[in-house]
**Q** 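Okay, handing you the structure first.
All chains are named by letter (A, B, ...) in the order of the sequence lines, taking the proteins before the strands, and each is independently numbered beginning at 1. Below, all heavy atoms of this structure are taken into account, side chains as well, without hydrogens, waters or symmetry copies.
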Amino acid sequence: MEKRPYDPTTVEAKWRSAWEKSGVYTANLKKAKHPYYGLVMFPYPSGDKLHVGHWYNFAPADSYFRYQRMLGKDVFTPMGFDAFGLPAENYAIKTGIHPNDSTRKNVATMIGQLKRMGCMYDWEKMVNTSSPEYYRWTQWLFLQMFANGLAYKKKGMVNWCPSCQTVLANEQVKEGKCDRCGTDVVQKPLEQWFWKITQYAQRLLDGLKDLKWPGKTKLMQEHWIGRSEGVNFREKVKGMDIEFEVYDSIPQTFLAQTFTVIAPEHPLVHTLVAGTPHEQAVMEFVEKIKRKKMADKFKIEEEAEGIFTGRYVDNPFGTGDLPIWVCSYVLADYGTGIVNCSAHDERDFAFAKKYNIPLKIALLPKDPSLAEKVKSHEVFYREPEGIVQSPESAKGMTWEESRETVIRYIEEKKFGRREVHYRLRDWLVSRQRYWGAPIPIVYDPHGQPHPIPEKHLPWLLPTDVEFRPTGKSPLTESKEFIERTEKIFGKGWRPEFDTMDTFVCSSFYELRYLMQGDPKHFVDRKLEEKWMPVSMYIGGPEHATMHLIYARFVMMALKDFGFVQNEEPFKRLVHQGLITNGGAKMSKSKGNVVSPDSFVERHGADVFRMYLMFMGPFADGGDWSDTGIKGIDRFVQRAWDMLTTKPSKNAEEDKTSLALIHGTIKRVTESIEGFRFNTAIAALMEFLNAVDKRESISLETARTFTLLLAPLAPHLSEELWEHLGGKGFVTDQKWLHFDVAHLKSDTMTIVVQVNGKRRASIDVSSDALEADIIAQAKGEENVKKFLMQPIKKEIYVKGRLVSFVV
RNA sequence: GCCGGAGUGGCGGAAUUGGUAGACGCGCACGACUCAAAAUCGUGUGCCGAAAGGCAUUGAGGGUUCGAUUCCCUCCUCCGGCACCA
């Protein structure tokens, strides 16, 4: 046969349309026997289109799912668009183009690009979160949360992004900055809608145990939930009829507590000082701190500030009254917002010294000279090996071992009781932006919120809106929205003008993919039972404490509401690494976004996806460079040449080739299982290098190679399969299993070491006896030289090496 | 500061129940083909050596071991996460 160059453009188009015509990738959700739900995090339909990062995520995921398909699973891989969100709205502000129009256009472009990748997406099941058919379910979810007491409105200090002009959930603030735009987040007192994710803190924590997720991700969620065990003390304000509790997670030093601090935002502050000479100064201080928090200058690193309220805690421990201070570093929404302080907390220590508050010691180091310095409050001290001084029952124990004893003592004396706190905060779901799902709430003329009856869903997002960031919801500008509300609910009624966080839209989309044939029901219980949890979920690690925690919470809530059976949405999770350019994250503002299109144009989708997979392990990502793409190009061309010229009916496989073939099956299988596509490709390259030296190969070998290549280069392998006379699509063939019996060859190479240094290697027959191998090793010229001294020890590692110690 | 993860040729990376470090690919050098270049093919690519062979070597230092990229200790660097959580 004559060699001809492989032409990816024609071949890939041919198979894309063949797949589409035959509908091979359309899953029959009801009839599937071996359901396998392979999901990738759906993209945002950005004007930047599909970038290299998408390819790096989606293509290997597709290869993995293709492998699952060849293992005999009924693989369902849907694709959709997380289409609500700020960029479209900001684009509208800049250009006047309505988000609806720009989104529709971007979605259309991206579908075209996605199809070019040659993935197995079932396009019939596509979702778009900005379509009314979808967001009616986002609104439905809100109503369910509301009906079940998990959605509530609360006024308090909330995160505000001055650039995005909206509030943010805690999860969306990273290191004090807006996760989206990087602007310093400030605190603002506002009334907002929250979902009670905190009610699920313990279940979210417990559920992590059984998830096959990266350990790092589970750890991040664990930290984010932040379970803390401690003691709540019940305390009285001296001379007032007021009681409160204080939380202490390290109660070992409670007898050294000398003052109490309260958060500036705490409602009790005013009660404490009202009508006293301290009122004016304290309230002025409170206002000052609030103002500071609202300014972007406020940094947590700043020195603590405080003011005395004039009030005291009537200390039940008999260690004296504790002056109550208002203090800038106390958090209003952790614990009870009031804390007892001692010399053994670094911040308390510094605060006490700054304001000359007396200190006591309950823990001392063993070193006497250091102990003196601690006693005189010259240095701060708190170490696990420190010796506890009080109470009597724990005296002499180390700080570490005294914990239980002290807590029991506190319980016996009825000073307090055990308590668990979490760092997790409720999810702030309202946003002051346009391009999102409207919150399905209306207010009566008295301002009381009422849920919008389900029959009015979808509660349409109005279109007569000005795009101006004012800090108020753009929906307040819509005449139609208000008229609609009054028409349905009555005069004086007003709609909720805020929209929902886009993370609400993406918190249940995996369920909606299952329901695209049925717009009337949220989820079908049978389908949910059959397909959920998602078999394999693939996406970026940046969602560890956002999307991935929200989706778990929503699933748990839906289970409690009785809509689903499962409580975890994603059984297995794998993260792809990040592709950078010049060491920096790709972004439009940096101008370093690499578009895949020109590479796909030049080399084809198969080459491009294999090149990305060959860069390194899937989870590692890497810095973009196109220098190595040539290697994959060559590999594809050589594979094509070999398989179109060398297969011969007369060729037979000897034992050596069988070892090679089965060794390759093993390596490719294990590599794909472990998301190490780089070594899967390397194994195929080695196979090709070995086989290429021969005159001819058997048809069987050619087909084996093609099958192993199929998950990695779907178009090329279809073409080869057809060329080799294979029946049906290669993607429908069964994966190959290796036979351990074939992995053995007739001979093995044994390395000979003397004193741990390699001196020779010998080839022996596979069934050679240990004694013979050692004798042969001793006979090697180069080994003899080093065996002049008496041999102290002989070590034989089966099938690997002989080691002599002299 | 606290909690994770990682450091291997010129580059991407391979190899870990401890057993030939550098697979595979890029790049580079030389050669073949060509008027020439590209493409392609061949050979080489840690250091010394024509070779046989020797020596060094997985961020740095130490330890365990016949043998360490792999296990233990100390340190350095980079990346990710959290950060007034009492």
**Q** A:Tyr334 side chain N/O closer than 4.0 Å to the phosphate oxygens (OP1, OP2) of B:A86?
**A** yes
**Q** Using a cut-off of 4.0 Å on non-hydrogen atoms, how would the nucleic acid contact of A:Arg347 be classed: base, sugar-phosphate, or nothing?
**A** base
**Q** P atom, B:C55 versus B:G7: distance in rounded Å?
**A** 28 Å
**Q** Pick one for B:G9: is it syn, with its angle within 90° of 0, or anti?
**A** syn
**Q** Going by distance alone, is a donor N or O of one side chain under 3.5 Å from an acceptor N or O of the other, for A:Arg425 and A:Thr198?
**A** no
**Q** Can you figure out which of B:G25, B:C82, B:U20 approaches the side chain of A:Val751 most closely?
**A** B:U20
**Q** Looking at A:Phe635, does the NZ or CZ of A:Arg638 lie under 6.0 angstrom from its six-membered ring centre and within 45 degrees of the ring axis?
**A** no
**Q** Considering only atom C1', compute the distance from B:C71 to B:G53 and round it to an integer number of Å.
**A** 33 Å
**Q** With respect to the side chain of A:Glu175, which nucleotide from B:C26, B:G54, B:A83 is positioned closest?
**A** B:A83
**Q** Under 4.0 Å, counting only non-hydrogen atoms across every strand here, what does A:Val246 touch: a base, just sugar-phosphate, or nothing?
**A** nothing
**Q** Which stems, defined as runs of 3 or more consecutive Watson-Crick or G-U wobble pairs with both pairing distances under 3.5 Å, involve RNA chain B?
**A** B:1-7 with B:76-82, B:10-12 with B:24-26, B:27-32 with B:40-45, B:46-48 with B:53-55, B:59-63 with B:71-75
**Q** Using the P atom as the point on both nucleotides, what is the distance between B:U70 and B:A6, in whole Å?
**A** 13 Å
**Q** For A:Lys784 and B:G53, what is the distance between atoms NZ and P respectively, to the nearest whole Å?
**A** 15 Å
**Q** Mark yes when over 12 heavy atoms from residues, nucleotides or ligands other than A:Arg227 sit less than 6.0 Å from its CZ; otherwise mark no.
**A** yes
**Q** Starting from the C-alpha separation in whole Å, work towards a yes-or-no answer on ring pair (Phe, Tyr, Trp, His ring centres under 6.0 Å) for A:Phe503 and A:Tyr550.
**A** CA-CA 7 Å; A:Phe503 281 107; A:Tyr550 297 143; 5.6 Å; yes
**Q** Is the shortest side-chain N/O distance from A:Arg634 to OP1 or OP2 of B:C26 below 4.0 Å?
**A** yes
**Q** Among the candidates B:G19, B:A83, B:A23, find the nucleotide nearest to the side-chain atoms of A:Ala682.
**A** B:A23
**Q** Can you label the angle between the A:Phe599 ring and the A:Trp624 ring as parallel, tilted or perpendicular, going by 30° and 60°?
**A** perpendicular
**Q** Is the shortest side-chain N/O distance from A:Lys757 to OP1 or OP2 of B:A21 below 4.0 Å?
**A** no
**Q** Counting just side-chain N and O atoms, does A:Arg758 come under 4.0 Å of either OP1 or OP2 of B:G67?
**A** no
**Q** With a 4.0 Å limit, can you tell me whether A:Lys174 has a side-chain N or O closer than that to the phosphate oxygens OP1/OP2 of B:C82?
**A** yes
**Q** Below the 4.0 Å mark, does B:A86 have OP1 or OP2 next to a side-chain nitrogen or oxygen of A:Ser249?
**A** yes
**Q** Work out how far the P atom of B:G9 is from that of B:G42, and round it to whole angstrom.
**A** 28 Å
**Q** Once you apply a heavy-atom cut-off of 4.0 Å, does A:Ile250 come out as touching a base, just sugar-phosphate, or nothing?
**A** sugar-phosphate
**Q** Between A:Trp325 and A:Phe351, is a ring pair (Phe, Tyr, Trp, His ring centres under 6.0 Å) present by the stated rule, with each step listed?
**A** CA-CA 10 Å; A:Trp325 287 65; A:Phe351 187 80; 5.7 Å; yes
**Q** Would the base of B:G19 count as contacting A:Gln753 through its side chain, where contact means a donor and an acceptor less than 3.5 Å apart?
**A** yes
**Q** Would you measure the distance from the C1' atom in B:U17 across to the matching atom in B:G25 and give it in whole Å?
**A** 30 Å
**Q** Are OP1 or OP2 of B:C26 and a side-chain N or O of A:Lys630 less than 4.0 angstrom apart?
**A** no
**Q** Looking at A:Lys354, I'd like to know if its NZ atom is crowded, meaning that more than 12 non-hydrogen atoms belonging to other residues, nucleotides or ligands lie closer than 6.0 Å.
**A** yes
**Q** OP1 or OP2 of B:G54 less than 4.0 angstrom from a side-chain nitrogen or oxygen of A:Asn782, does that happen here?
**A** yes
**Q** For B:U74 and B:A21, measure between their C1' atoms and round to the nearest Å.
**A** 26 Å
**Q** Is there any protein nitrogen or oxygen under 3.5 Å from a nitrogen or oxygen in nucleotides 12-18 of chain B, and what are the pairs?
**A**
{"unit_1": "B:G12", "atom_1": "O2'", "unit_2": "A:Met615", "atom_2": "O", "d": "2.5"}
{"unit_1": "B:G13", "atom_1": "O5'", "unit_2": "A:Met615", "atom_2": "O", "d": "3.4"}
{"unit_1": "B:G13", "atom_1": "O3'", "unit_2": "A:Asn678", "atom_2": "ND2", "d": "3.4"}
{"unit_1": "B:A14", "atom_1": "OP1", "unit_2": "A:Asn678", "atom_2": "ND2", "d": "3.1"}

**Q** I'd like the P distance from B:C84 over to B:C2, given in whole Å.
**A** 16 Å
**Q** With distance as the sole criterion, do the side chain of A:Arg425 and the base of B:C85 form a donor-acceptor contact below 3.5 Å?
**A** yes
**Q** Should A:Arg759 be listed as having a side-chain N or O under 4.0 Å from OP1 or OP2 of B:C55?
**A** yes
**Q** What interatomic distance, in whole Å, is found between P of B:U34 and the corresponding atom of B:C47?
**A** 33 Å
